[in-house]
Amino acid sequence: LISVFSDDLLALPIEGKMLNEGEIGYIRITTFSDDYQLMARLWEHYITGLQEEQVPAVIIDLRHNGGGSLGLALDFAGYFFDEEISLYRSAYYSHKTETFEYSKDPATLHPSPVTYDGMIAVLIGPDCVSACEGFAYALSYGGRAILVGHYPTAGAFGEVGRGQYKLPGDISLQFPTGRPETLDGKLFIEGQGVLPEIVVPVTLESASGETDTVLEAAIQALLKKIKER
């Protein structure tokens, strides 16, 4: 299986299809910065269909997702959980107190009206950045999903809203000003990325694009879980 979709510039930001004779769903999300209403409708269409048809497993491909709205990403993640979960908190350095001060409320995942209760594998890589990394992390919470990839995600999760600067020569500079931490005060994602649970070795065939070994590894992992059910 070389590729599931072509890289069509007019392709929708979320696309899906069935694999392995209907045993496994496949959804690719290429951004979290497209039209909110469009993406929400597409996402609910696919997840509702998987749940109603009782498809036992789904693969979510995030390998080429540059991020966007973290709120949208966490809204999407809520379709896989049936309870509210506090994921992390953000800290911002105060020049006045010379300490890191935390935002009032932690980032929280809220369950959606539709819950997909099947098994999940998430495909990740270095091109999964920012909100994409938050989505991957949320899905891995409590072992909900298996993360599969050659490498971790980008490790660029720090909040950059206050770190935008314009320089001479039409040059812009961006750097993180928010420090993401787990609820027990440990730095996470930033600088290290979200780590794959199943690390797939790079082969000549995968590097040349002849085969998609990450996708194949995810399929095999889910088929094994389906048989063990």
Side-chain angles (χ1 to χ4, degrees), residues 29-34 36 39-40 43 60-112 115-116 120-165 172-199 214:
I29 311 174
T30 57
T31 183
F32 286 109
S33 64
D34 210 308
Y36 189 102
M39 294 193 66
W43 183 247
I60 301 176
D61 194 342
L62 303 174
R63 288 176 291 176
H64 301 286
N65 185 314
S69 168
L70 182 60
L72 177 61
L74 295 185
D75 285 348
F76 280 16
Y79 280 74
F80 301 106
F81 296 87
D82 59 7
E83 61 181 356
E84 186 174 293
I85 299 170
S86 295
L87 293 171
Y88 67 91
R89 57 184 181 174
S90 296
Y92 299 89
Y93 185 76
S94 169
H95 291 282
K96 183 177 180 180
T97 63
E98 297 185 344
T99 60
F100 279 96
E101 298 180 351
Y102 294 100
S103 53
K104 182 179 179 181
D105 300 309
T108 302
L109 186 153
H110 301 278
S112 77
T115 303
Y116 176 74
I120 312 166
V122 180
L123 311 187
I124 59 172
D127 290 333
C128 174
V129 187
S130 189
C132 176
E133 300 182 84
F135 180 69
Y137 174 80
L139 288 190
S140 69
Y141 187 89
R144 180 67 182 92
I146 307 168
L147 271 58
V148 186
H150 292 309
Y151 306 105
T153 61
F157 190 62
E159 191 269 317
V160 296
R162 308 177 194 183
Q164 305 289 330
Y165 299 91
S172 61
L173 173 67
Q174 170 179 285
F175 59 80
T177 54
R179 173 187 171 95
E181 294 184 1
T182 59
L183 299 182
D184 58 359
K186 297 179 181 177
L187 181 69
F188 81 116
I189 298 182
E190 184 69 13
Q192 65 179 15
V194 180
L195 306 178
E197 180 181 342
I198 298 177
V199 179
V214 172

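Atoms considered below: every heavy atom in the structure, side chains included; atoms not considered: hydrogens, waters and symmetry mates.
- By the side-chain contact (heavy atoms from CB on, under 4.5 Å) test, Q192 is found to be paired with no residue, residues two or more places apart in sequence or in another chain being considered.
- Residue S33 comes nearest to G68 through the heavy atom pair CB-CA, 3.8 Å, listed as atom of the first residue, atom of the second, then distance.
- No side-chain heavy atom of V148 sits under 4.5 Å from any side-chain heavy atom of P196.
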Would you give me the side-chain donor-acceptor pairs under 3.5 Å for residues 123-131, sequence neighbours excluded?
none

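- Taking E181 as the reference, R89, A91, Y102, R179 meet the side-chain contact (heavy atoms from CB on, under 4.5 Å) condition, with sequence neighbours excluded.
- Residues P106 and L183 share a closest heavy-atom pair of CB-CD2, 4.0 Å.
- No side-chain heavy atom of I189 sits less than 4.5 Å from a side-chain heavy atom of P180.
- Evaluation of the salt bridge (Lys or Arg N to Asp or Glu O under 4.0 Å) test over residues 182-193, restricted to residues two or more places apart or in two chains, returns none.
- Nearest heavy-atom pair across P152 and L195 is CG-CD2, 3.6 Å.
- A distance of 8.0 Å separates CG in L139 from CZ in R144, rounded to the nearest 0.5 Å.
- Smallest separation of non-hydrogen atoms from R162 and T177: CB-OG1, 3.4 Å.
- Taking CD of E197 as the start and CD1 of I146 as the end, the distance is 6.0 Å to the nearest 0.5 Å.
- Atoms CD1 and OG, from I120 and S140 in turn, are 10.5 Å apart once rounded to the nearest 0.5 Å.
- Atoms CD and OG, from E159 and S90 in turn, are 7.0 Å apart once rounded to the nearest 0.5 Å.
- Residues in residues 61-77 take part in these salt bridge (Lys or Arg N to Asp or Glu O under 4.0 Å) pairs, two or more places apart or across chains: D61-R63, R63-D212.
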Kindly determine whether W43 and I29 satisfy side-chain contact (heavy atoms from CB on, under 4.5 Å), including the steps that lead there. CA-CA 9 Å; W43 183 247; I29 311 174; 3.5 Å; yes

Could you go step by step and tell me if F32 and N65 meet the side-chain contact (heavy atoms from CB on, under 4.5 Å) rule? CA-CA 8 Å; F32 286 109; N65 185 314; 3.5 Å; yes

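- Taking CG of L187 as the start and CZ of F157 as the end, the distance is 11.0 Å to the nearest 0.5 Å.
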Cut-off 3.5 Å, no hydrogens considered: what does the side-chain donor-acceptor table look like for residues 78-88, sequence neighbours left out?
residue, atom, partner, partner atom, Å
Y79, OH, E44, OE1, 3.2
E84, OE1, H110, ND1, 3.0

Step by step, work out the side-chain contact (heavy atoms from CB on, under 4.5 Å) result for L109 and Y141. CA-CA 10 Å; L109 186 153; Y141 187 89; over 6 Å; no

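- At a threshold of 4.5 Å between non-hydrogen side-chain atoms, the residues E98 and Y93 count as touching.
- Separation of atoms CD (E133) and OG1 (T153) is listed at 3.5 Å; rounding is to 0.5 Å.
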